[in-house]
Amino acid sequence: MQQAFSAACLDGAMGPLKSSADCSVAVVIEKPKSAEHGDFACGMALKLAAPVKTSPLRIAETLAQYIGKNEACAAYLEKVEVAAPGFINFTLGTAWLTETISAVHNLGSDYGRAPDRDKKVLVEYVSANPTGELHIGHGRNAVFGSCLANLMKFGGYSVDQEFYINDYGEQILQLGRCAWALYQRLLGQAVDYPTEGYPEEFLRDFVQSAVDTVGDQYLTVGDEEGCSIVGDLVKDLIIENQRTLLKSLGIEFDVWYSERSLHSGGNVVDVLKEFDKHGFTYEKDGAYWLKAQELGDERDRVLRKSTGATTYLANDAAYHLTKYGRNYDLMINIWGADHHGQVPGLKGAVRALGQDPSKLEVILTQMVNLSRDGQIVKMSKRAGTVIMLSEVIDEVGADATRYYLAESSPQNTINFDLDLAKKTGRENPAFYIQYAHARCCAILRKALEPSTNSESGETEQPPISAHQWQEFLQEYKGDKQGKVFTALFDSDAVIAGHQKALIARLETFPSEVEEAVQARNPGRIARFAYDLANDLQKFYEVSRVITDDLSVSKARLGLIFATKQVLANALGIIGVSAPERM
RNA sequence: GCGUCCGUAGCUCAGCGGAUAGAGCUCCCGCCUUCUAAGCGGGAGGUCGUUGGUUCGAAUCCAACCGGGCGUACCA
């Protein structure tokens, strides 16, 4: 397309434009929504209407002629049509399609993977306080972060995943007081539970297992020491609980970064000096302030309180300075939307420290509402009716939990329908995609494994022998033009149409990955998988794979094998398993 | 008040500058002698929150307004 455009410009066919660089109209090839408009379409003639000063239709016709002159293109294209108001529609010849299947066979689990970009990315997510179990909101953050990390890896980045442990400050002292009180009570002491503390029922199990481990050996220490020791014991148990739960969702972090280590390592003290050095601080009312307003925030922010303690912002700035020190090209933070007000403060702090704020992206995830029997399940932290992530996983399973938390874009509120997530049918996309994968496996089993005749009870040989299948696999791979697959187009128009649609979908996977990476939106991959599953079902419905004609069976089995592979690749990014049978 | 996210079919959501706005659920009507019917096809269902603006062209971009969520600390 680009070549045709350039050639047309050189020949003076584009009016005032003498070169493709003379205007800013980009060559964009898109996939039309309607199949009537061919396999691909280009709308650039519409955009060229103004600079070329000619009607879009005439420009499109001119460009189409130049495409016809290009022999390399003509080999792949079956048809080039111009349609009102000025689209150029391409219908692909079969060569392009068969090469796609062959490419899937050759690349396998790497089909769709982008080449190495030589860029280091840090994705920091969950980072929940170690003061209780993870709830469904953390679950969303966790799943989104994990999917994004998978996606970025698949998109050619080198990715580290990090969990920031907020094991310092007021909330951890609070935890200590609560844990200490519960510890004493569980061991028969009559002490009061802190009135402003965390709900007892959230902590009781953790304190109980601390008691089980260490017994009453700390009962005699003073209150201060008790809060500190028992608090830390419970804190570690909570972190371990979070780690185990996340692992059950397939999430594992490369680094668990301790906030406490920033204080003991002097990073926080240093960062205050660093702010000072760049001239962004002042003292007022006994506190130490950051000139955040100059840096884009709505007001100035306190770095060190009049009590002498540093604020969360100061600690977070110190933390982020270590990220910059670790030489990442891109740092992505996944935060709950309730923290959106902190974004300008952190970005401002980063700028004040002389770092490049554009390397730091904050993605905010909106809330999750759970519904059951068509009713939203009311959640309240104070009333203790928060739904825990573990409850959801227990109820609907890890795969469905991941799918529903991965599918939506982060800025949309999720309505998680617990009843739907448990259904085994078309209406549940998580199931439907897995079912499509299992169906591909079933067909391959049917073709390759011996079966038992239900009437005679005798074992029957499979239609395709193991030896033949090995030959087929070699042929799929060795034949880069995919000539084996031309048999797919010999059948009747309906079947060929469905096969073509299926292959065309496989072909778009790499560009879907690229778009999802650019948009930081792994949910696109979830939807792609759903569309692919649908294309497979439609093909399956109209045509058998295993037929009497060996060349047709061979071609179709190759297509099924490729579809299974791409489904697995897509499911891999969103972290949902690809079952062999259901 | 200010900031931010969201308003698309009865419901849950895609689409985010282009061709007749798409799926699934729900409601009707069809399709199993053959690889998983846990499936497929057809029908019904819309002033894309409202009003202006930019554009050859707006659900999509801009502005104002109307609804709803979240936030607005010397808490973390």
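Residue numbering restarts at 1 for every chain, and letters A, B, ... go by the order of the sequence lines.
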Distance alone, cut at 3.5 Å: any donor-acceptor contact between the side chains of A:T131 and A:N129? no
Under 4.0 Å between a side-chain nitrogen and a carboxylate oxygen: does that hold for A:R505 and A:D535? yes
Output one line per pair: protein atom, nucleotide atom from nucleotides 10-12 of chain B, and distance, for all N/O pairs under 3.5 Å.
residue	atom	partner	partner atom	Å
B:U12	O3'	A:N415	ND2	3.4

For A:A438, give me all partners under side chain to side chain contact (heavy atoms under 4.5 Å, CB included), at least two apart in sequence or on another chain. A:M582
Residues forming a ring-ring contact (aromatic ring centres under 6.0 Å, His included) with A:H340, sequence neighbours excluded: none
Base versus backbone protein contacts along nucleotides 67-73 of chain B [heavy-atom cut-off under 4.0 Å; B, S, -]: --BBSSS
Please measure how far the C1' atom in B:C70 lies from the corresponding atom in B:A19, and state the result in whole Å. 39 Å
When you check the phosphate oxygens OP1 and OP2 of B:G15, does a side-chain N or O of A:R527 lie under 4.0 Å from one of them? yes
Hey, which of these two, A:R524 or A:Q411, hits RNA chain B nearer its 5' end, going by closest nucleotide? A:Q411
Kindly write out the residues that satisfy side-chain hydrogen bond (donor to acceptor under 3.5 Å, both in side chains) with A:S306, not counting sequence neighbours, or none if the list is empty. none
Between A:D300 and A:Y282, is there a side-chain donor-acceptor contact under 3.5 Å, judged purely by atom types and distance? yes
Could you tell me whether the side-chain ring of A:F431 sits stacked on the base of B:A38, using a centroid cut-off under 5.5 Å and a plane angle under 30°? yes
What would the secondary structure line of RNA chain B be in dot-bracket form, counting Watson-Crick and G-U wobble pairs under 3.5 Å, with [ ] for pairs that cross earlier ones and | for pairs with another strand? (((((((..((((....[...)))).(((((.......))))).....(((((..]....))))))))))))....
Under the rule for ring-ring contact (aromatic ring centres under 6.0 Å, His included), what residues qualify as partners of A:Y435, not counting sequence neighbours? A:F431
Set of residues satisfying ring-ring contact (aromatic ring centres under 6.0 Å, His included) with respect to A:F539, sequence neighbours excluded: none
For A:E298, enumerate each residue passing the side chain to side chain contact (heavy atoms under 4.5 Å, CB included) test, keeping only those at least two apart in sequence or located in another chain. A:R301
Distance under 6.0 Å and angle within 45° of ring axis: A:R260 vs A:Y168: no
For residues A:L532 and A:I433, determine if any side-chain heavy atom of one lies less than 4.5 Å from a side-chain heavy atom of the other. no
Applying ring-ring contact (aromatic ring centres under 6.0 Å, His included), can you list everything that pairs with A:Y540, at least two apart in sequence or on another chain? none
Where the chi angle of B:C13 falls, syn if within 90° of 0 and anti if not: anti
Residues in side-chain hydrogen bond (donor to acceptor under 3.5 Å, both in side chains) contact with A:D276, at least two apart in sequence or another chain: A:T281, A:Y288
When you measure from the side chain of A:N412, which nucleotide among B:C35, B:C6, B:G39 comes out closest? B:C6
Between the protein and nucleotides 40-44 of chain B, list the N/O to N/O atom pairs that are separated by less than 3.5 angstrom.
residue	atom	partner	partner atom	Å
B:C40	OP1	A:R426	NE	3.3
B:C40	OP1	A:Y432	OH	2.4
B:C40	OP2	A:R426	NE	2.9
B:C40	O4'	A:E541	OE1	3.2

Candidate nucleotides B:C74, B:C25, B:G39, ranked by approach to the side chain of A:D285 - the nearest: B:C74
